Every structure is written in structure tokens, then in C-alpha cells.
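These notes concern the structure reproduced below.
All values below were derived from every heavy atom in this structure, side-chain atoms included, with hydrogens, water molecules and symmetry-related copies excluded. What you see is a predicted model, and the numbers here were worked out from it, not measured in a lab.
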Amino acid sequence: MLAVLSAGFIGSAQDKETRQERIQRWKDDMAAFKAGQARDTRVYDAADSIAGLQAGEALKNASFVLEADAVTFRHGTRVLVNSTTNFISVKGKRAVVQVSPSYTCSGPNGVGGITVDGTISDVSVSRDKRGNTRYSMNVTGIMISARVDIVIVADSSRAYATVMPNFSSNSVRLDGHVVPYSLSGAVEGMSM
């Protein structure tokens with residue numbers, strides 16, 4: 001009987017060591033995971049910072065495109081959209097605003113929405129205390145007369161723009177990334 005009890009105590013001691021080994025292995029795995037996650041975060045931050053520098057340089061050269069991945073309409077309806085057909089582009093003194101939220105119909109521009117272009121005036125660039133850059137301009141053309149405010153988040157290419165027509169309250173907001181004009185994959189539809 002004594003032999004059976006002592007074997008039971010030895011067995012439970014071995015189980016306890018196994019549990020401690022499992023806990024230690026879990027702790028080691030978590031430490032490796034956190035180290036990998038920190039490394040990935042540093043890489044992402046560096047890439048985002050480089051994209052932010054490119055966006056800032058493109059802004060200075062007045063040669064950029066805000067490729068939108070979401071559009072918010074006047075009453076708060078937010079739609080996820082294709083960034084190749086939803087954008088605001090600036091090239092010199094010409095601006096194009098294209099909003100194409102539809103995937104099913106072609107729309108007046110041939111790509112599911114509207115495309116308007118015009119000339120740029122009253123450009124102002126400022127930076128707030130958080131490092132965000134605001135690029136404001138008036139765009140005037142045959143079918144557009146609007147104030148466009150673009151805000152680029154500090155140290156990144158992430159941006160949002162508000163297009164406020166001068167003769168109506170049908171404002172629209174585009175959220176996306178600013179890229180240099182030469183690197184943009186935007187597809188411009190037929191202008192109105």
C-alpha cells in the first residue's frame with residue numbers, strides 16, 4: 001500500500017512539473033509573439049512615415065491624388081468604395097473630383113458616378129500643432145464650384161477631404177491616402 005501511495009505522489013509531482021513546463025512554454029511563446037508584433041509595428045510605422053514624406057512632397061509640388069476608400073455623404077451615410085474610381089486629384093492648376101460609389105451602374109462618367117474638373121484658386125497650406133497638414137483650395141469649372149479641404153494626418157499618408165459646394169449644402173467627405181500623382185492608380189471617367 002505504501003508503494004502505491006508513494007507512486008501516486010511521485011506521479012502527481014511529475015504532472016505538476018509538466019504543467020509548469022507548459023506554463024513556461026506559453027510564456028516563451030507569448031514573449032516571441034510580442035517581439036514579432038513589435039517588429040511588425042516598427043516596420044509598419046517606418047513604411048507609413050515614408051509614405052507621409054512622399055505625400056508631403058507631392059503636396060508641395062501640387063501633384064497628388066487622394067485615393068478614397070470610403071465616402072461619407074451629407075446625411076452621414078458612409079460607403080466603402082474602390083480607390084481607383086473615387087479620388088481627388090491635383091496636377092498643377094487643374095483639379096478633378098470623382099465620386100463613384102456604385103459598383104452596378106455606369107453613371108454619367110462611365111465608371112459609376114460623377115467626374116467634375118476645374119481650375120484651382122486660393123490655395124492655402126497650413127500645419128496644426130499636432131503636425132496635421134491642411135491643404136485648402138477652391139475648384140471652379142463648368143459643373144463645379146466648391147471649397148475642398150484636405151487634411152493629411154501627421155507622419156502618414158492617411159488623409160480625408162471635405163468637398164463643400166458653394167451653391168448647395170450637399171457636402172461629401174472622402175477618406176483615403178494621398179499618393180504622388182505619378183504613382184496613382186486612379187481611373188478618371190468622362191468629365192461632365
Side-chain angles (χ1 to χ4, degrees), residues 41-42 44-101 109 113-189 191-192:
T41 300
R42 285 192 305 272
Y44 176 77
D45 289 345
D48 203 32
S49 181
I50 290 169
L53 291 173
Q54 283 182 326
E57 191 63 30
L59 229 63
K60 275 193 241 176
N61 297 331
S63 179
F64 64 90
V65 179
L66 187 155
E67 296 179 343
D69 47 32
V71 176
T72 306
F73 296 98
R74 183 177 120 196
H75 296 292
T77 305
R78 184 178 171 90
V79 181
L80 298 179
V81 294
N82 185 340
S83 64
T84 59
T85 57
N86 293 272
F87 61 88
I88 297 172
S89 71
V90 171
K91 181 74 171 160
K93 287 290 186 182
R94 179 179 182 255
V96 176
V97 177
Q98 179 170 294
V99 178
S100 299
N109 66 355
I114 60 165
T115 303
V116 291
D117 66 344
T119 56
I120 298 170
S121 63
D122 297 329
V123 175
S124 67
V125 181
S126 61
R127 185 175 291 244
D128 66 16
K129 57 185 165 186
R130 286 185 247 151
N132 300 329
T133 303
R134 177 179 296 274
Y135 188 95
S136 298
M137 62 185 167
N138 285 327
V139 180
T140 308
I142 294 172
M143 294 294 291
I144 185 172
S145 177
R147 183 75 181 163
V148 179
D149 291 325
I150 300 170
V151 176
I152 301 176
V153 178
D155 298 325
S156 78
S157 64
R158 193 84 191 138
Y160 63 89
T162 305
V163 180
M164 297 165 289
N166 293 331
F167 303 113
S168 74
S169 60
N170 292 328
S171 65
V172 64
R173 176 180 160 141
L174 289 84
D175 293 270
H177 291 274
V178 170
V179 296
Y181 192 88
S182 61
L183 299 178
S184 175
V187 176
E188 187 175 329
S191 189
M192 297 181 83

Exercise. Could you tell me whether Asp155 atom CG has more than 12 heavy atoms of other residues or ligands within 6.0 Å of it?
Key: no
Exercise. Determine the sole option in Val65, Val123, Ile120 for which the side chain to side chain contact (heavy atoms under 4.5 Å, CB included) test with Val90 is passed.
Key: Ile120
Practice problem: Could you tell me the separation between the CG atom of Leu174 and the CD1 atom of Ile150, rounded to the nearest 0.5 Å? | Solution: 9.0 Å
Practice problem: For residues Val179 and Gln54, determine if any side-chain heavy atom of one lies less than 4.5 Å from a side-chain heavy atom of the other. | Solution: no
Quiz item: Is the side chain of Ser156 donor-acceptor paired with the backbone N or O of Val153 at a distance under 3.5 Å, no angle test?
Solution: yes
Quiz prompt | Under the salt bridge (Lys or Arg N to Asp or Glu O under 4.0 Å) test, residues paired with Arg94 that sit two or more places apart | solution = Asp117, Glu188
Quiz item: Do Phe73 and Val79 have side-chain heavy atoms sitting under 4.5 Å apart?
Solution: yes
Quiz prompt | Contact summary for Val163 and Ala146, nearest pair of heavy atoms | solution = CG1-CB, 4.0 Å
Quiz item: What residues form a salt bridge (Lys or Arg N to Asp or Glu O under 4.0 Å) with Lys60, not counting sequence neighbours?
Solution: Glu57
Practice problem: Report yes or no: do Ser100 and Asn86 form a side-chain donor-acceptor pair below 3.5 Å? | Solution: no
Exercise. Provide the closest heavy-atom pair for Val81 versus Ala68 in the form atom of the first, atom of the second, distance.
Key: CG2-O, 3.7 Å
Quiz item: How many angstroms lie between atom CD1 of Ile152 and atom CZ of Arg134, to the nearest 0.5 angstrom?
Solution: 11.5 Å
Exercise. Identify the heavy atoms of Ala95 and Val139 that sit nearest to each other, and give their distance.
Key: CB-CG2, 3.9 Å
Practice problem: Look up atom OG1 in Thr119 and atom CE in Met137, then write down how far apart they are to the nearest 0.5 Å. | Solution: 11.0 Å
Quiz item: Which distance, rounded to the nearest 0.5 Å, do you find between the OH of Tyr135 and the OG of Ser126?
Solution: 12.0 Å
Self-check item: Flag for Ser184-Glu67: side-chain donor and acceptor within less than 3.5 Å
Solution: yes
Exercise. Supply the atom-to-atom distance Leu66 CG to Tyr160 OH, rounded to the nearest 0.5 angstrom.
Key: 11.5 Å
Self-check item: Non-hydrogen side-chain atoms of Arg78 and Asp175 separated by less than 4.5 Å
Solution: yes
Quiz item: Is there a side-chain contact between Phe87 and Val96, using heavy atoms and a 4.5 Å cut-off?
Solution: yes
Exercise. State whether the side chain of Gln98 and the backbone N or O of Val187 hold a donor-acceptor pair below 3.5 Å, judged by distance alone.
Key: yes
Practice problem: Kindly compute the distance separating CG (Asp69) from CZ (Arg158), expressed to the nearest 0.5 Å. | Solution: 4.5 Å
